[in-house]
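On a predicted model such as this, the values are computed, not experimentally measured, just so you know. Letters A, B, ... mirror the listed sequences (proteins, then strands); counts begin at 1.
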Amino acid sequence: MIQTFAFYLFAAFMIASAVMVIMSRNPVHSVLWLILAFFNAAGLMVLVGAEFIAMLLVIVYVGAVAVLFLFVVMMLDIDFAELRAGFIRNFPLGIAIALVLLAELVLGIGAYRAGEIVLGTPTGTAAPLIGAGNTESLGALLYTDYLFLFEATGLVLLVAMVGAIVLTLRERDSAHRGHQNIGKQVRRNPDEATVMKRPTIGKGIDL
Amino acid sequence: MTGFFQSLGMSYEWAWGVATVAGVLLIAFPLMLAVAMVIYVDRKVWASINLRRGPNVVGPFGLLQSFADGLKVFLQETIIPSAANKGIFLLAPIVTFTVALAAWAVIPFDAGVVLADINVGLLYILAISSLSVYGIVMSGWASNSKYPFFSAMRAAAQMISYEVSIGFILVCVVLWAGSFNLTEIVMSQRGHGFGIINGYWFNLLLFPMWVVFFISSLAETQRVPFDLTEAESELVAGYQTEYSSMAFALFWLGEYANILLMCSLNTLLFFGGWLPPIDWAPLYLVPGIVWFLLKTFFFFFLFSWVMATVPRYRYDQLMRLGWKVFLPMSLGFVVVISGYLMATGHYS
């Protein structure tokens, strides 16, 4: 009973906040609603017993991705009127994307209901559950059967990261390069940085 | 505790519900009391190191100073700037405070004395502590004022930077303990150094990681020398500039609850939690919670000691330390520690 109640609570909140993401006028509010949606998704994950995924969802999406979203959106000076003017123009595109997503959802649910994936066949292999927690089971599956896919994902992310760095790298002129040498700063001692002077009264000092 | 309430004649569901609420209150109220006293301790330690007296007027030795401050703040008027984004402005301190309390749900105070003994306890703490930046960013943006906004940007960059290396340090600890569960992490530290010292004290591979973790926890809670978000010489009071009354108090309570959380994490992950310092039978007669609190308050003393003695970092130095020193170091230690554990057959 409590599970059903919790499920509908999380699901309703998630859909409502997802709607608010696109409905709210202020982009910062949109990001905050998005964070609420992530949270409710994590709640749903906990309900189906995938606590590891739920925690990763919060750490990665809420803790890192959404912070950067918020960071960028806060800095941007967005003209809301101009943003809404494109609504009619982009409407057909939006409908097309929504239809594609709907078709994928129908296909996915259809495939899921067509029958269980048989263990040990090329269509799907699942390792037996090891231990009590799903952290261990996930690790056992990920680092044995799906090791290649896992490593490939890592490589794709690495390439994306290198690409982002290359795109934003600016060659600075040599005057600005390495302007902070911490080791040099630390090695400096009072003898080479300060001079003791005893000026006589009425006379200044030569600098 | 569920069993106790069941013995009073409740059904299991009701007993569980009542026990959980009671557990929450049993953690939250002493925590608030501890925060009030810890603020007093902080000021006293700081004053002593500066050769001052510190708070000494309200109550014996000034012990009631924090409560007097709380009452004063409670009686003040809440001022909301007219240019502020009202909803988010008021939400921000609530988020800070709630998040600071929520992380305590998985902290084990003694063997079995924990509200939620979940398998992914450490990940839960990491998830919750990554949320604490939202309170600051929201308050900085909603205040619609220059200094809070600068402070919010600094906070966001700083916390993300240090969370990365904290994550790798936690990976090291988890590798050694073989579990995300905080109770199991503490139990795996039993009799670790030379077989008689509880905790990872003299573990040559994990001790440097503790040093990095301690410094990162200073940065994570925005304490001196990393308190650039509240640098009073540059940013007035940072993100708290526009706040008054209880909203301001919630920020303070949340901040110190977070500091205590980081101190207890230092205790749990590296110094054996509720286990006595030496694996010697008579020491186990002392209740575990006493050891836990002693160690936690020792780390709090270290926090205020650092606050009184170290000058503030420059912002580029802060970023350099996080990304160019701590991140490669902790990443390297993950490799070294997992290699060591595989070579010595830790898991077989």
* Just jot down the side chain to side chain donor-acceptor pair (under 3.5 Å) partners of B:Glu220, sequence neighbours excluded, or say none. => none

* Partner set under side chain to side chain contact (heavy atoms under 4.5 Å, CB included) for A:Pro199, not counting sequence neighbours -> A:Lys197, A:Ile205

* Asked: Can you tell me how far NE2 of A:His29 sits from CD1 of B:Ile88, rounded to the nearest 0.5 angstrom?
  -> 3.5 Å

* How far apart are the closest heavy atoms of B:Glu163 and A:Gly63, and which atoms are they? -> OE1-O, 4.4 Å

* To do: Report the C-alpha distance between A:Glu51 and B:Ile118 in whole Å, list the side-chain angles of each, state the deciding distance to 0.1 Å, and finish with yes or no for side chain to side chain contact (heavy atoms under 4.5 Å, CB included).
  => CA-CA 9 Å; A:Glu51 75 260 14; B:Ile118 57 176; over 6 Å; no

* Other residues, nucleotides, ligands: >12 heavy atoms within 6.0 Å of B:Phe150 CZ -> no

* Structure fact -> So, the part of B:Asn85 with a heavy atom under 4.5 Å from chain A: the answer is side chain

* Asked: chain B heavy atoms under 4.5 Å from A:Phe52: which part of the residue, side chain, backbone, both or neither?
  -> both

* Neighbour count >12 (heavy atoms, 6.0 Å) for atom OH, B:Tyr340 -> no

* Do you know which two heavy atoms are closest between B:Ala156 and A:Val67, and how far apart they sit? -> CB-CG1, 4.2 Å

* Which residues in residues 30-48 of chain A have any heavy atom lying under 4.5 Å from a heavy atom of chain B? -> A:Leu32, A:Ile35, A:Phe39

* **Interchain contact, B:Leu131 with chain A, by part (heavy-atom threshold 4.5 Å)** => side chain

* Taking heavy atoms only and a threshold strictly under 4.5 Å, list by residue number the residues of residues 134-145 of chain B that touch chain A; give 'none' if the list is empty. => B:Tyr134, B:Val137, B:Met138, B:Trp141

* Give a yes or no on whether A:Phe71 atom CZ has more than 12 heavy-atom contacts from other residues, nucleotides or ligands under 6.0 Å away. => yes

* **CZ (B:Phe89) with more than 12 external heavy atoms under 6.0 Å** => yes

* Checking heavy atoms, do the side chain of B:Ile160, its backbone, both or neither come under 4.5 Å from chain A? -> side chain

* Asked: Under a 4.5 Å heavy-atom cut-off, does chain B meet the side chain of A:Val60, its backbone, both or neither?
  -> neither

* Asked: Are there more than 12 heavy atoms of other residues, nucleotides or ligands under 6.0 Å from atom OH of A:Tyr61?
  -> no

* **Atom group of B:Ile128 that falls short of 4.5 Å from chain A, counting heavy atoms** => neither

